[in-house]
Amino acid sequence: MLFRSKSGFSNYHLTNDGSAPGSNILSTVPGNTYDQMSGTSMASPCAAGVAALVRLVQPELSPEQVVEWVKASADYIDTLNPKYARKMGRGRVNALKAVSMKDAYSVTLVKYSITDSNKDSAFDAGELISIYPVFRNVLSPLSNGRVIVESVGNYKVDFLKNEINLGAMDSYAEADLPGGVSFYVPANMPVDYTMPVEFRIYDGDAYINSLYIEMVLRPSYRTMNRNNIAVTFNSRGNIAFNDYPSNRQGIGFRYKGSNSVMFEGALMVGANGGKVSNVARGSYQSGQDNSFKAFDVFNMAEFNDNILKGAGYCEDEKEVELYPVVSVTQSVFQSNEKGYEDIIFLNYKIVNKSGSDYDSLFAGLFFDWDIGQSGRPNVTFFDENDLIGYNMNTSDTSLPKIGAVLLTNQPLNFFAIDNDGETDENPGIYDGYRTEEKWYMMSNGIKRKISDTTDASMVISGGPVNLKNGDSVIVSFALLASFDFADISKAAKTARAVFSALGINENIPAEKGSIAVYPNPAGSSFNIGFSANGNNPVSISLLDISGREVMSIADNRVFEQGSRIIPVNTGNLPAGLYFVRFSDGTSSLLKAVSITR
C-alpha cells in the first residue's frame with residue numbers, strides 16, 4: 001500500500017483533521033513537463049481534490065458537511081504509524097471511498113469551557129476541574145449517541161464519570177453535557193503538564209470518531225490582570241508566555257483586551273565581561289537558554305484591596321566559569337487605582353551566590369514586541385527626554401503603544417533591535433540570539449536609539465553594579481501601555497515617583513516595614529505605628545499620588561522611647577492612593593495607604 005507512513009517534513013498533532021500523500025507526488029512543472037515533488041503543497045491539493053469530488057456527487061452537502069465527509073471516509077493509518085497515533089487526524093484521504101459511501105458519520109466539538117474550584121483558571125493540585133463540551137452531529141443521524149472521556153497522555157487522571165449518553169441526534173443537532181465531566185488534579189502531576197483529553201464518540205457500540213482538547217495542569221505561570229494590562233509571568237523570568245515558541249501557555253501582553261503585543265519577554269543577568277544567565281531565545285531560534293531553575297510556581301496574592309502582587313524565585317545553578325551564579329526573587333505589582341491603570345511594576349532582587357565578587361553586573365529585560373500582524377511594521381526607539389523605550393506600529397495608530405522604563409538608580413542601557421539585522425553593530429535575532437549579542441546589547445549604555453521600521457525588539461537594563469559575594473541588588477522596571485504617547489509619558493512619571501512606596505525599593509520596607517499603617521485601606525482615619533528611640537527627631541507627612549505634601553503629621557518631634565501610635569484624620573481628603581513619609585534621622589521610609597469612601 002502506497003503512502004502509508006508520515007512524511008518526515010509533515011506536521012502532526014491531536015488537532016489535525018486528516019492526512020494526504022505528500023512525498024514524491026507527480027506534478028506539472030514549468031516547461032510543459034512533469035516532475036516528482038514533495039511537501040505539504042503537494043498534500044493539500046490531494047485533500048482539496050477529494051473534497052471537490054464529494055461536492056460533485058453530493059451537491060446538497062454544506063461546506064462543513066463536505067469536510068466531515070472527507071474525514072469520515074479516510075483510511076485509518078494509526079497502526080501503520082504508531083509513533084504518531086492520534087496525531088494524523090481521521091486518516092489518509094480516500095477518493096474512491098469518499099464518492100462511494102452512502103452514509104457517513106461525524107460529530108464535531110462546537111465549543112467547550114473549563115472551570116476550576118477557586119475560579120482562578122489555574123488548574124492546581126487537588127482542585128476539582130470540570131469540562132463542559134458542546135457537540136454537533138454533522139452528517140447522518142445517530143440513534144444512540146455516547147461519549148467516553150479519557151486522558152490519553154503520559155499521566156492520567158480519573159474522571160468521576162467518564163461515559164455520557166447523548167441519545168438520538170439528527171443531522172446538525174447539538175448536545176451538551178449537563179454538569180460536565182470532572183476530575184481532581186493529582187498531587188503528583190508534573191508542573192506545566194499539557195494533558196490531552198479524548199472524547200470518543202459512538203453510536204451505540206459503533207465507533208464514530210474522536211475529538212481532543214488540551215489543558216495545562218499545575219501551571220508554573222500566572223496572568224496578572226488587575227488593571228488595563230494583562231500579562232503572563234512565570235518564576236523563571238519569562239514574560240508573556242511560558243512555552244516559547246509555541247506560545248500557548250499564557251496570554252502574552254494585552255492592553256484593554258487587545259490581541260497580544262508581545263511575542264517574547266525574558267530576564268537577562270550578565271556579569272564580568274560576557275557571562276549571561278537568561279531565559280531568552282538562544283543561539284538556535286527554536287529554543288530558549290533556560291539558565292534559571294524555578295523553585296516554585298509564580299504565586300499571586302492580594303497586597304491590599306487595590307494592588308495585586310505576583311512573586312517567583314529562581315536560581316542559576318550552572319558552571320560559575322560560564323554563567324553568573326545568582327538567585328533572583330521576582331516581584332510584580334499591579335494596581336487598579338486611578339493613575340496606575342496603565343502600569344505594571346517589575347522588581348528583581350539579585351543575590352550573588354558565585355563565591356566571588358562581580359565588578360560589573362547588569363540586569364535587564366529583552367522584549368520582542370509584535371504590535372499588529374506579525375509584528376510589522378514596528379519601530380523601537382528611545383526617548384532621551386523621558387528615558388523611555390518605546391515600541392509602536394507605524395501603519396496602524398489605533399493599536400496600543402508600549403513603553404519600558406528603568407526605575408532604580410543604576411546606569412541605564414538600551415538597545416533597539418532590528419530582528420532581521422545582519423551587521424555587527426545591528427545583529428538581528430532571526431538567526432538566533434547568541435550570548436555575546438545579549439551582552440553587547442545590555443552592557444553598552446544607550447547604544448542604539450532607534451530601529452528600522454521592521455519586526456523590532458528591545459533590551460533595557462541597569463548596570464554596571466559592583467556586587468560582592470553574598471550581597472544583593474534590586475533592579476526594577478515598569479511596563480507602560482496606552483494608545484497615546486502623552487499618557488505613557490505621564491504614567492512613567494507616576495511610576496518613578498511612587499514605585500518605592502509599593503515595596504519595590506530594597507531600602508524601603510513594604511508590608512512588614514519599620515512603620516505600620518492600619519487599617520489599610522482606610523476610611524476617615526488610620527493609625528501610624530512605629531518604634532521611637534527617645535533621641536532622634538521624627539518627621540511624618542502624608543503625600544498624594546503626585547508626591548505633593550497634603551498633611552504634616554509630625555515635624556522634627558522627639559517622641560519618648562518605645563512603641564508609639566499616631567492617629568491620622570483623613571475625613572477631609574478625597575479617596576485615592578496616598579503615601580506616609582517617615583524619617584527619624586537614620587532612615588527615610590515610605591508607606592502606601594489607600595483611602596476609600
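Nothing here was measured: the structure is a model prediction, and the numbers come from that model.
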Rounded to the nearest 0.5 Å, how far apart are CZ of Phe183 and CD of Glu127? 10.0 Å
Gap separating the OH atom of Tyr433 from the CD atom of Glu264, nearest 0.5 angstrom: 9.0 Å
Set out, in order, the CA-CA distance, both residues' side-chain angles and the distance that settles ring-ring contact (aromatic ring centres under 6.0 Å, His included) for Phe199 and Phe135, then state yes or no. CA-CA 10 Å; Phe199 300 96; Phe135 300 101; 5.6 Å; yes
Output, in order, the C-alpha distance, side-chain angles, deciding distance and verdict of side-chain hydrogen bond (donor to acceptor under 3.5 Å, both in side chains) for Asn278 and Lys438. CA-CA 9 Å; Asn278 71 103; Lys438 295 170 181 175; 2.6 Å; yes
Name all residues meeting the salt bridge (charged side-chain N to carboxylate O under 4.0 Å, His left out) criterion together with Arg434; count only those two or more places apart in sequence or in a different chain, and write none if there are none. Glu436, Glu437
Minimal heavy-atom distance between Tyr313 and Ser327, with the atoms involved, is OH-CB, 3.3 Å
Tyr207 and Tyr202 aromatic ring geometry - parallel, tilted or perpendicular at 30°/60° bounds: perpendicular
Will you find, in the side chains of Asn227 and Asp342, an N or O donor that is under 3.5 Å from an N or O acceptor? no
ring-ring contact (aromatic ring centres under 6.0 Å, His included), that's the test. Do Phe263 and Tyr244 meet it? Break it down for me. CA-CA 8 Å; Phe263 184 73; Tyr244 170 93; 5.8 Å; yes
Please test Glu214 against Thr194 for side-chain hydrogen bond (donor to acceptor under 3.5 Å, both in side chains), starting from the C-alpha separation and ending with a verdict. CA-CA 6 Å; Glu214 291 181 329; Thr194 300; 5.9 Å; no
Does the pair Asp368/Arg281 count as a salt bridge with the N-to-O cut at 4.0 Å? yes
Gln334: which of Asn228, Ile344, Ile307, Ile343 passes side-chain contact (heavy atoms from CB on, under 4.5 Å): Ile344
How close do Leu139 and Ala104 get, heavy atom to heavy atom, and via which atoms? CB-O, 3.1 Å
Please check this pair: side chain of Thr454 against backbone of Ala456, looking for a donor-acceptor N/O pair closer than 3.5 Å. no
When you check the gap from the basic side-chain N to the acidic O, do Lys293 and Glu315 get nearer than 4.0 Å? no
Let me check something: any side-chain donor-acceptor pairs from residues 232-243 under 3.5 Å, sequence neighbours excluded? List them with distances.
| from | atom 1 | to | atom 2 | distance (Å) |
| --- | --- | --- | --- | --- |
| Thr232 | OG1 | Thr223 | OG1 | 2.7 |
| Thr232 | OG1 | Ile251 | N | 3.0 |
| Asn234 | OD1 | Arg236 | N | 3.0 |
| Asn234 | OD1 | Gly237 | N | 3.2 |
| Asn234 | OD1 | Asn238 | N | 2.9 |
| Asn234 | ND2 | Asn238 | OD1 | 3.0 |
| Asn234 | ND2 | Asn242 | OD1 | 2.8 |
| Ser235 | OG | Asp296 | O | 2.8 |
| Ser235 | OG | Val297 | O | 3.2 |
| Ser235 | OG | Phe298 | N | 3.0 |
| Arg236 | NH2 | Asn238 | OD1 | 3.3 |
| Arg236 | NH2 | Asn242 | O | 3.4 |
| Arg236 | NH2 | Asn242 | OD1 | 3.3 |
| Asn238 | ND2 | Val279 | O | 3.1 |
| Asn242 | ND2 | Asp192 | OD2 | 3.2 |
| Asn242 | ND2 | Gln249 | OE1 | 2.7 |
| Asp243 | OD1 | Asn247 | N | 3.3 |
| Asp243 | OD1 | Arg248 | N | 3.0 |
| Asp243 | OD1 | Gln249 | N | 3.0 |
| Asp243 | OD2 | Arg248 | N | 3.0 |
| Asp243 | OD2 | Gln249 | N | 3.3 |

Only one of Phe159, Tyr184, Phe123 forms a side-chain contact (heavy atoms from CB on, under 4.5 Å) with Ile129, so which one is it? Phe123
To the nearest 0.5 Å, what is the distance between CD1 (Ile429) and CZ (Phe366)? 3.5 Å
